[in-house]
Structure formats: structure tokens, C-alpha cells
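Step one of this worksheet: look at the structure below.
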Amino acid sequence: AKEAVMAREHDPETSVHVFMMDMRAFSKGYEAYYQRAREQYGIQYTRCRISALREDPESHDLFVRYASGQWPGASGEKELTTDHSPLTTDSFDLVVLSVGMEISEPVRRLGRDLGVELDDYGFCHTALFQPLETSRPGIYAAGPFREPKDIPESVIDASGAAAAASALLAPSRGRLARFVEYPPERAITQEEPRLGVFVCHCGSNIAGFLDVPDVTAYASHLPGVVHADHLLYACSQDSTATIQRRIAEHNLNRVVVASCTPLTHAPLFQDVLRQAGLNEFLLTMANIRNQCSWVHSEDRQAATAKAKDLVRMAVARTVTLEPLTRQTVAVAEAALVIGGGPAGMTACLTLADQGYAVHLVEREPKLGGNLRHIHTLLPPSDGSPAPDPQRLLADLEGRVTAHPRITLHLEAEVEDVHGFVGNFTSRIRRTNQPDDSIGHSVLVVAVGAQEYRGPEYGYGTDARILTQQEFEARLSSTADGSRGPRRVVMIQCVGPAEQTCARTCCATALKNALRLKDLHPASEVVVLYRDMRTYGFKERLYTQARSRGVVFMRYDEDHKPHVDVSRQGPGVRVTAWDGASGETMAIDADLVVLSMPMVPSEGSRHLATTLKVPVDADGWFLEAHVKLRPVEFANSGIYLAGAAHYPKLLDESLAQAQAAASRAATILARPTLSSGGVVAMVNEAACVGCLTCVRVCPLGIPVVDAARVGIGGTMGTAYIEPTICQGCGTCVGECPAGAIELLHYRHHQVEQQVMSLFAEPAVGEAR
Amino acid sequence: MAERPLHIVAYCCHYCAYAAADLAGVLRLRYPAETRIVELPCTGRLDPLEVLHAFEHGADGVMVAGCLEGDCHFRAGNLNARRRVGRIQELLSRVGLEPGRIEMVNMSSAMGRQFADAAARITEQIRALGPSPLYPPIHATAAAPDGAPPS
Amino acid sequence: MIIAEQKPFEEIKGLLGEAEKVLVVGCGTCVTVCFAGGEKEAGILATSLRMATRIDGQPKDVTHQTVQRQCEWEYIDPLAESVRQADIVLSLGCGIGVQALAERFPEAIVVPGLNTSFLGLPTEQGVWEERCAACGSCILGLTGGICPIARCAKQLLNGPCGGSQDGRCEIGHDTPCAWQLIYDRLKAQNRLHLLLEIQPAKNWSTSRDGGPRRITREDLRLAAEVSE
């Protein structure tokens with residue numbers, strides 16, 4: 001869908017036709033994307049198997065032959081649906097094959113060399129309960145090497161594997177660390193600006209396309225500049241030593257380096273300033289390489305003039321810079337994990353095994369969460385028998401209960417959370433006991449999800465209509481030799497899952513169908529589905545189920561099955577429209593099993609408000625970035641694991657719990673946190689307490705504090721805690737009183753930089 | 001007299017647009033030399049008053065470049081910026097400048113090509129509008145405009 | 001809070017006439033909060049006027065200052081020198097601020113940059129709604145805390161008129177019927193009996209109809225110092 005949408009965005013004239021067997025838009029937000037692709041971008045989807053693809057020898061167009069058309073009554077507009085209708089041939093300019101991921105030969109070789117077990121296709125074998133551990137202790141696997149997967153899951157795997165590895169390394173943590181000593185910082189605020197400008201040749205990268213000596217000479221005459229020099233490579237060791245020496249010789253108190261980009265090199269030059277006893281915020285880099293010499297290589301004169309402008313602007317800004325201090329905050333030693341399901345327990349154990357104290361808060365009297373309802377698991381891909389989930393539960397529960405570094409708070413809920421990363425204080429409300437208060441530096445949200453229980457398809461009116469969870473419980477308590485149901489109908493995509501795919505229901509349905517076939521081979525199973533979204537290795541279950549005689553009938557959203565509970569008779573009458581034949585069929589079933597999706601846990605919205613973290617429209621907790629920061633919130637120090645993020649299978653939850661613990665450990669491993677620097681600061685004397693910053697801040701950090709006195713003696717002005725402000729400046733742009741400054745980007749600092757552009761003739765003008 | 005070169009201020013967010021501009025360099029793409037990038041931590045920092053001051057002092061055009069919508073490092077800074085750019089366009093038209101002198105674009109840090117294209121396109125757009133009637137500024141020095149707080 | 005909005009730019013330019021030196025005075029209270037005349041809006045208006053008048057070919061010298069509250073003598077007194085140097089003062093205060101400046105600086109020409117709209121609150125960022133009409137005799141205790149004077153188009157006292165449709169006022173679909181709100185709220189609180197009592201015609205003498213109003217609190221007035 002993404003490539004199709006991008007093709008349309010690139011050229012709206014392109015028409016895109018996707019041929020598919022099933023749409024596997026299984027993860028968070030995928031279904032919505034698929035809908036947008038169809039409705040907004042007009043991408044056409046056809047369910048079929050292409051029977052022929054050939055090239056027209058003259059036009060070189062490609063002909064695709066496939067079965068298409070629609071049966072009477074089918075909703076042809078949204079999706080073409082059929083299997084047996086007449087063949088159609090269409091011509092295309094380009095055919096893109098969407099092929100699966102496979103393991104390349106060098107990777108297989110690597111696997112063999114490492115001595116880890118691989119499956120027949122070369123994927124690395126990992127156990128269901130230790131999803132990131134290979135068969136060889138101390139070697140971990142992450143990403144598509146385990147199973148084909150998307151970026152978020154790969155990133156999660158990687159963090160989780162890092163956690164597993166660092167548990168082994170915990171005893172030697174910090175042993176190889178060395179600390180840099182800096183000279184004390186010179187106080188410069190009372191001094192007149194004395195700038196040094198260092199222009200870099202970057203070999204020929206800059207000097208080859210603009211006149212470096214000319215720029216240097218120009219810089220030396222700018223106001224505030226007392227020294228200007230050019231260096232072959234400003235970042236080389238002898239150059240940085242030169243810069244340090246010049247700072248001392250000329251008593252410089254601010255520095256401009258005109259060279260490459262600060263995104264890569266600011267840390268290096270900031271360090272040079274610190275070595276020379278200057279605050280790191282007294283540096284500006286003028287980007288005369290990436291944003292000048294490299295892009296204007298065809299016009300030396302224009303590039304030179306632009307470099308002069310950029311240096312002049314950097315100098316104007318630098319004159320206004322002030323030293324900023326970062327505060328160090330001691331990090332509390334404990335972590336708080338909310339939710340005692342498999343994800344929560346795994347996060348606890350991962351952290352505790354790395355040596356950190358952990359508090360686990362669970363609102364039920366017992367640990368386990370949804371794992372209590374899981375009685376069988378999908379068989380592993382290597383064909384070995386599926387492990388017993390209740391054994392995992394007992395194991396996790398036993399280890400959590402016995403772990404000396406884990407404090408359990410059962411029948412307890414987090415009431416409110418104060419403070420910020422490194423120093424949270426949470427009040428825990430406990431049943432029949434006084435409230436408790438816990439100090440912690442990080443927090444992991446692992447509150448899970450719960451099975452939806454709605455009135456769809458007559459649920460709740462007839463004992464023969466069950467959810468998958470109820471069905472699974474019944475299967476697990478089936479005595480050997482008992483008589484099985486004659487026929488079971490499963491209905492997929494129930495209730496909320498009509499709109500968004502809940503990811504796990506298909507696999508759960510197949511698991512239970514296969515389990516039923518194991519127990520009672522004579523039982524018939526009919527699965528009424530819209531798309532089978534068995535992603536990754538779960539596809540094998542689908543194949544297996546079909547080969548074992550499970551009947552699959554596709555319906556579409558305009559032809560939902562109907563369950564008739566009023567009808568007298570031996571079974572429940574299910575009327576279903578079959579996409580393959582276009583016929584409506586009546587099926588009498590002993591049991592109707594509804595694949596109810598997992599939905600956010602009760603109380604998760606309330607918890608989100610308490611923690612000031614976002615949830616999406618459906619109530620799932622919203623991570624900071626889908627791909628880059630999949631297990632953390634934008635709010636520092638709060639992490640996310642398990643089905644609270646989106647419905648997940650057990651191994652995915654465990655991997656994500658390890659990942660969340662891994663990210664949390666990056667805070668716990670430090671004795672102190674440094675914060676501040678580029679943060680917003682309220683000028684109380686100008687603040688009117690209008691609440692604009694409170695409303696506009698993406699992280700909910702500003703508060704209006706009644707104890708602070710604002711403009712004209714009004715009660716209450718805004719306060720922005722510098723240790724948690726992330727420094728985006730949105731409040732500054734919005735404040736109607738002009739009462740907020742973003743340090744390092746103060747109004748006059750940004751304005752001086754811009755105004756200096758107009759103070760001199762621009763590019764190419766005679767000087 | 002030769003045509004006066006243009007002054008185009010490009011306010012770029014740190015995480016996406018500034019990085020995209022760097023990438024345009026790495027890819028050795030070419031675009032007109034009139035843009036002057038001013039880095040901001042996030043386009044959410046964009047202050048309409050500062051932008052108006054830039055126009056008052058003779059900016060011929062302003063480009064505001066932020067992250068893709070939905071991908072802001074700070075969640076919604078770019079959406080706030082888009083709203084403010086809309087307001088600035090209204091303010092420009094009421095003072096008698098063309099609203100097309102300011103435009104907001106969105107890109108990820110991987111979109112170096114898009115940065116170069118946007119810079120080229122906006123430069124052409126400004127060139128078509130002609131130089132700002134407000135250049136040179138009345139105060140030729142880079143003195144702090146009124147309203148700027150003392151340091 | 002007083003809610004105001006800026007006058008159209010052309011109207012403001014018209015009010016300034018031929019004056020060359022313009023002092024824009026912002027106010028740091030209500031009109032800051034409703035984004036009409038705070039420090040930032042005053043700055044934006046000043047730079048806009050400088051640009052517009054330069055483009056028109058008759059550049060004005062426009063500066064701006066913002067005071068805590070334009071409706072207090074002590075806060076506006078420090079403006080005296082700037083006001084004296086200006087040809088015209090453009091107040092971005094509410095109607096009270098404009099008059100305070102005019103009263104305190106008898107020689108100055110003071111013109112308003114805002115239309116003072118109503119007394120209300122922001123129901124969300126960027127949306128303000130009227131809540132009070134300053135009628136001088138509050139009946140909110142009888143109407144469930146919802147004011148029919150400020151919020152009913154007809155200022156009815158004994159229930160809705162025939163224009164109330166589906167909870168909406170006939171003057172516009174965006175306006176809820178105040179009496180529907182009153183009824184719903186009292187019903188939810190089991191206090192509908194309050195509505196059984198017929199309210200007599202309102203005495204409007206405490207309102208604007210009684211002429212300009214004034215409140216004197218002798219207990220607060222400072223005694224004149226006794227001279228020897």
C-alpha cells in the first residue's frame with residue numbers, strides 16, 4: 001500500500017492496481033492506511049491469483065491475466081470479489097512483484113558459523129518464551145533474522161536483545177568507562193564579546209568551491225570578532241588544538257566555526273570549547289559546506305558571497321549567546337512497572353536481573369493478566385510441540401515473587417504520579433490498606449488489553465455463542481474421550497475489529513480450530529473471515545488448517561453473517577454469504593465462536609491522564625515514534641510494553657517488555673541525569689497566566705502556579721520545569737504576552753541572526 | 001543596475017528540514033544560492049512577530065520547513081507552525097505584500113531532494129513576485145527591532 | 001474577562017489619518033488573554049503599520065509599549081513621555097483602556113484599535129463565548145447558573161420562546177437555547193421546581209438603562225489627610 005500511495009503522490013496520473021490474495025494490514029494503523037489507499041488515493045485492489053503475465057512484443061506493455069468480475073449482490077465498488085468469474089486481461093507499463101523476505105546465503109553462513117540453530121529457510125530459531133535468545137547461550141537474535149517483520153518490531157527486538165545481553169554484562173557495568181576532566185568554566189558574562197572565527201577548507205570540499213581566505217578576511221572585520229583564521233580541516237586533532245590555543249592567546253569568549261554541519265560536528269567543537277574553559281553554548285557553526293559549497297559548486301562567486309552572509313549571521317547570533325548550565329539531577333534507584341501480566345512481569349525481571357530495584361503494581365489479587373486465559377500456544381515453527389503457557393505463567397510468577405529486588409504491590413493502582421524522569425513519586429492506592437508512596441526514576445506501562453465483549457451476533461443471549469477466550473477455556477478443560485461438537489462456526493472481525501484489525505484474532509482462531517481438530521478430528525470447523533491476517537510464520541497455521549479440513553468462507557463488509565438465535569432446532573443457524581460462490585448459505589452450528597478483538601484495558605484512559613501520556617482514538621497508548629521510538633513515550637522516562645500498545649501475541653509482548661526494560665535501563669544505569677540547556681523560561685514579570693502555554697505544550701509541562709505573581713500583580717504565572725522541558729519552543733511561538741524565552745533561541749538571538757542578513761549587501765552585490 | 005539578489009530566509013527545524021538541507025549537500029544537489037537557513041529546534045518555535053520583522057527589514061521571501069505532518073519530533077510543532085504561517089500570510093496581504101512570499105513545506109530528514117526542490121521552487125516564486133519594496137531597511141544596522149527584550 | 005477583537009486593519013489605518021508618530025499601547029490583562037492587544041499583538045500591529053505605510057509611500061513612525069493594565073492610573077502614568085512625543089495614541093486596550101488613556105492624557109489624541117465585544121470566557125483555545133451582560137442584578141441563583149440575560153437572544157425570564165428548536169436558538173444553529181440548558185441542568189439536579197415560580201418583569205434600572213453606573217464603597221475610600 002505504501003509504495004502504491006507513494007507512486008500516486010509522485011505522479012497523480014499514475015493508476016495503481018494491486019493484485020492480492022489477502023490483505024494483511026494487521027498492525028497498528030495499517031488498516032486505516034489501507035482504507036486511505038483505496039478511498040483517498042483511488043488505488044484499486046483485486047483479490048485473485050494472477051494466471052499469466054506476458055509482454056506485448058510490440059508495445060512492450062505487460063499483460064496481466066486474472067479472474068475478475070463480480071457476483072450479483074457483491075459490492076463491486078469497494079473491492080472486486082471473486083474466484084471463478086471470467087478472465088480479464090489488463091495491460092500495465094510496470095509490474096512490481098511484492099516478494100517475501102528471505103535469508104541470504106551470507107547470513108545463513110553467519111548463523112552456522114555462530115553455531116545457532118536455523119530453520120529450513122535459514123531463519124534463526126528462537127524459543128517462544130525467550131523470543132530473543134538463540135539456541136546458543138549468550139547469542140541473541142533480533143529483527144527479520146528471527147521471522148519476517150516490519151521496522152517497529154525489528155527496533156523492539158534490537159532493544160530487547162540489548163537488554164538480554166546487558167543482564168549478562170551487569171556485573172562489569174561501567175568498568176571500562178573513563179571520565180573526561182574539564183577545566184573550570186570561565187565567567188564571561190561581564191566581558192565584551194571577543195569572537196574567534198575559524199573557517200574550514202574541509203580539504204577541497206569547501207575551499208574547492210568558494211574563497212576561504214576571502215571569507216576569513218571578511219570575518220575578521222565583523223563586529224565583535226578579534227581573531228579569524230582558516231584551517232585545512234577544522235575537526236582534525238591539530239586544528240582543534242589550534243582553536244584551543246587561540247582561545248587562550250586572544251582571550252576569546254565566543255567561537256564561530258564555519259565548516260560542515262552542526263548535526264555531526266557540534267559535539268566535537270563544543271568539547272573543544274569546554275577543554276578551553278568556555279561554556280559549550282558559546283559556539284555557533286556556520287554551515288558553509290552542506291548548505292553552501294556542496295550545493296552551489298557551479299558558482300564560486302555566489303558561494304563565496306553566501307558563505308560571507310552565513311558567517312556574518314553566525315557572528316551576529318554568537319555575540320548574543322550566553323552560557324547555559326545543565327542541571328544534574330540524582331536518579332532514583334527504582335523502576336515502577338504498572339501491570340502484572342506477562343509483559344509487566346518480563347519487564348520487571350529484565351530490570352531486576354540487571355541489578356535494579358523494581359516495584360510492580362497489579363490491580364488484581366493475582367499476577368498473570370491475560371496469560372491466565374491462554375491455555376495453548378501456537379506450535380513453534382520448528383515443528384516441536386507447543387510449550388505450555390501455564391508453565392510460563394508459573395515460572396514468571398515464581399521468579400517475580402522470589403526476586404529479592406522486586407517489590408510486589410497486588411490489588412493496587414497508581415493514583416497519581418508527580419515529578420519527572422529520574423525522580424518520580426507515585427501514590428499507590430491499595431485495597432483495604434493505606435496508600436503507599438513510591439519513589440522511582442522510570443515507569444513502564446504494561447497494563448495490557450482485554451477481550452471485547454459486545455452484543456454482536458447475539459453474544460450474551462445464548463450459551464452456545466462464545467468468545468475465542470471462552471472457547472479456549474472450554475477446550476482446555478475437555479476431558480479425553482468426550483464427545484466433541486459436530487460443527488463449530490467461527491466469525492472473524494467482530495465489533496471494533498470491523499474498523500481496525502486487532503492483529504491477534506486470526507492466529508487465535510486458527511490455534512483454537514487446530515486444537516479442536518486435535519481433540520476431535522471429526523468436528524467440522526467453518527471460519528467466516530474477511531481477510532486472514534496470519535502474518536509472518538503464522539501463515540503456516542493457515543496452510544495447516546486448510547489441509548486439516550477447516551473450511552474458510554470469505555465475506556465482505558456489506559454481507560456480514562447473521563446469527564439466528566430465535567430459531568428452534570438442534571443448532572444455531574448462521575446465514576453467511578460466501579465470496580467464492582456468491583451464494584448465501586445456512587449453516588447449523590453446535591457452537592458459534594466469535595473472534596472478539598482485544599480492546600484497551602478498562603482504566604487505561606484514566607491512567608493516560610494520570611501519566612499525561614497520549615492514547616490514540618481507539619484508546620491504545622501512543623508511542624513517541626512508530627518506528628524510531630516504539631517502546632517509549634515522548635514524555636521522558638515513561639515506557640510502554642505489551643498489549644497496552646496494541647494487541648500482541650505472547651512472544652511479541654515478551655520481546656517488547658524486554659525492549660522497554662532496555663530503554664528504561666538507559667536511565668537507571670546513570671547516577672545522575674543532566675538536563676536543561678535549551679529550555680523554555682517564563683519571564684514572570686510579563687506573564688499574565690493566560691494558560692496558552694499549558695494548552696499548547698506537546699508534553700503538558702507548563703503549569704500556572706498561583707504562588708507566582710505575574711504582570712500587574714496578578715495571581716499566578718506559568719512555570720516550566722527546566723529539567724523536563726524538551727526545548728521545542730512551541731510555547732514561545734504562541735505566547736500572547738511575549739513572556740516566554742527559549743534559551744539559546746531567545747527572541748533577540750534569532751532576530752539578530754536574521755537582521756544581520758539585511759545589514760549588508762547580499763549575494764553578488766558590489767561591496 | 002543589475003537586478004538586486006534576493007534575500008530568502010529559510011527557518012528550518014533541527015530534526016528534519018535542517019538535516020534534509022544537509023542531505024541535499026551530501027547528494028550534491030543544486031539549488032539557487034539565495035536561501036539563508038536559520039536553524040530552529042522545531043518549527044513550533046516560529047514566532048510570527050519575528051517573521052514580520054524579517055519582512056519589515058527587507059526579506060523578499062520566507063520559507064518555513066518542518067517535519068512531515070504527523071512526524072514532528074515534538075508531536076505537533078509543525079502543525080502549530082502551519083497555522084501561524086497562515087496567519088502571517090493574512091497579515092502580509094493586509095499590509096500590501098503578497099502572501100506568496102511565505103510558504104511552509106514539510107519533509108523528513110531523508111528528503112534532501114525535496115529540500116532542494118522546495119528551495120528552488122520557492123526562490124522562483126519569489127523571483128516572480130519581484131524584490132520586496134521594503135528593502136533596504138530604514139535602519140541599515142542590525143539593531144534589535146523594537147519589542148525585542150533586552151538580554 | 002473582557003473579550004475584544006482587533007478592528008479591521010483598514011479601519012485602523014483610517015483612524016490614524018495623517019498622524020506621523022504613532023504610539024501603539026498594548027494591555028497586559030484581558031486583551032492579552034484573548035489575543036487581541038497583548039505585547040505580541042501590539043508588536044505585530046506596529047510592524048504591520050510600519051510596513052503598510054512604507055508601502056503606501058507615507059511611512060509612519062510606529063512604536064509600541066505594553067502596560068500591565070490600561071485601566072489603572074498608576075500603570076499608565078509611566079507612558080506620559082511617550083504619549084507626549086506621539087502624534088496619536090492607538091490603544092489596544094478595551095473601551096475602558098482607551099478612555100483611561102484619554103482621560104489621563106488630556107492633550108493626546110487617543111483612538112481605539114479594538115472592538116470591545118463582550119464579557120465571556122474561552123470555551124477552548126481560540127473560541128470565546130459571552131457569559132455575562134453586566135445587568136447589575138444577578139439571577140443566576142434561580143436559573144441553574146446559566147444566564148438568560150446574556151445567553152438568551154430575547155433575554156427571557158420565564159422559559160424559552162417558540163424559536164427554541166432541538167435545543168438550538170432560532171438566531172443561529174451554533175447558539176444553544178439558554179432555556180434548554182437551564183431546564184436540562186435543573187432537571188438533572190432535581191430542582192425543576194425553581195422554574196415554577198414566575199419571575200416578574202426585570203428591573204433594568206441597575207443595568208445600562210439606569211444610566212452610567214458607579215459603585216462607591218465608603219469602607220474602602222481612603223480618608224483625606226487632615227491638614228493642620
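Just so it is clear, the values below take in all heavy atoms, side chains as well, and ignore hydrogens, waters and symmetry mates. To find a chain, count down the sequence lines: A is the first, B the second, and so on, and within it residues start at 1. Being a predicted model, the structure only gives us computed values, none of them experimental.
Residue C/Ile215 qualifies as open at atom CD1: its count of foreign heavy atoms under 6.0 Å is 12 or below. Within 6.0 Å of CZ in C/Arg168 there are more than 12 heavy atoms belonging to other residues, nucleotides or ligands. Within a 6.0 Å radius of CD in C/Glu20, other residues, nucleotides and ligands contribute 12 heavy atoms or fewer. Heavy-atom contacts from other residues, nucleotides or ligands closer than 6.0 Å to CD of A/Glu602 number 12 or fewer.
Expressed to the nearest 0.5 Å, how far CD of A/Glu734 lies from NZ of C/Lys40 amounts to 7.0 Å.
Closest non-hydrogen pair, A/Val688 versus C/Gly28, comes out as CG1-O, 2.6 Å. Heavy-atom minimum distance, A/Ala737 versus C/Glu39: O-CB, 3.3 Å.
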